[in-house]
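Numbers for residues simply follow the sequence, beginning at 1. If you're wondering where the values come from, they're calculated on a predicted model, not measured in any experiment.
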Amino acid sequence: LLYYHLAANNKNANSHVAVRGDYFFNDGIMFEVAGGSEVLTVPGARSLMGEAPKAGEQAGPRVRAEPVLTEKFIIMPGNNCVQVYDAKPSPRPGAGQKPGQTVSWMLTGMRTLSTPAPAGLIRAGSRLYGGGVNLVAAIDLPDEGDKTQVSWQAAVQGTPEALIAANGRLFVTTLEGSIYCFGEDK
């Protein structure tokens, strides 16, 4: 892949790109690596990105709706939840069966975990970490048939914007300019 076709797909993008196998994600949209063509928009991803405010309204924070990719799952932030999909998209029933009809794709196997910390998801070890207003949380990664659950959370002042895991610590920056570092007690 040398480039992908944002203009042809009438899309905007950001600098965060996640790749897994034959697909990559940017700005809540799944593309084919081979040719850069759009495969699908992840359900609900665009609504998280923040709509332009109407006259007299204040814009809310923009949530990064980028996935965490594992061998088995595509994990997306949702509105006060985390959505877990099977890793490979499936053709929509009946799509592409008529001459000249394009195959339409969909994600399957969705499971939802309600959490107040769905934004800025990252993966570190066997956990996901995410942020919400005045909160960061750890979510145990699901396995086949396992229940997804919040395993740890901590209060912060403000809205987490970026999370980074390194050397056994979780670093969190907020939109308000604070930096937090979480680690094991010693």
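Listed for the Glu176 side chain is a donor-acceptor partner under 3.5 Å among the backbone atoms of Thr159. Of the possible polar contacts, none joining the Asn134 side chain to the Gln157 backbone as a donor-acceptor pair under 3.5 Å is found.
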Please assess Ile74 against Met30 for the test side-chain contact (heavy atoms from CB on, under 4.5 Å), listing each intermediate value before the final yes or no. CA-CA 11 Å; Ile74 298 168; Met30 181 184 220; 4.1 Å; yes

Run the side-chain contact (heavy atoms from CB on, under 4.5 Å) check on Phe182 and Val136 step by step: do they pass? CA-CA 10 Å; Phe182 299 94; Val136 291; 3.8 Å; yes

CA sep, side-chain torsions, deciding dist, call: Ile179, Thr173, side-chain contact (heavy atoms from CB on, under 4.5 Å): CA-CA 4 Å; Ile179 300 173; Thr173 62; 4.0 Å; yes

Verdict with supporting geometry, Tyr129 and Val172, side-chain contact (heavy atoms from CB on, under 4.5 Å): CA-CA 10 Å; Tyr129 293 89; Val172 179; over 6 Å; no

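In this structure the side chain of Phe25 reaches within 4.5 angstrom of the side chain of Leu69, judged on heavy atoms.
Contact record, Tyr85 with Met76: CE1-CG, 4.4 Å, taken as the closest heavy-atom pair. Nearest heavy-atom pair, Phe31 versus Val39, reported as atom, atom and distance to 0.1 Å: C-CG2, 3.8 Å. The minimum heavy-atom distance linking Thr70 with Ile75 is given by the pair CG2-CD1, 4.4 Å. Summarising the geometry of Ala165 relative to Ala124, their closest heavy-atom pair is CB-CB, 3.5 Å, with the distance given to 0.1 Å. The two residues Gly130 and Leu121 come nearest to each other via the heavy atoms CA-CD2, 4.0 Å. Closest approach of Arg169 and Gly183 over heavy atoms only: CG-CA, 4.3 Å.
To the nearest 0.5 Å, atom NZ of residue Lys72 and atom CG of residue Asp86 are 11.0 Å apart. With rounding to the nearest 0.5 Å, the separation of CZ in Phe73 from CG in Leu128 is 11.0 Å. Rounding to the nearest 0.5 Å gives a distance of 8.0 Å between CZ of Phe171 and CD1 of Ile164.
Take Ser151 and apply the side chain to side chain contact (heavy atoms under 4.5 Å, CB included) test, not counting sequence neighbours, and it matches Arg127, Ala138, Asp140.
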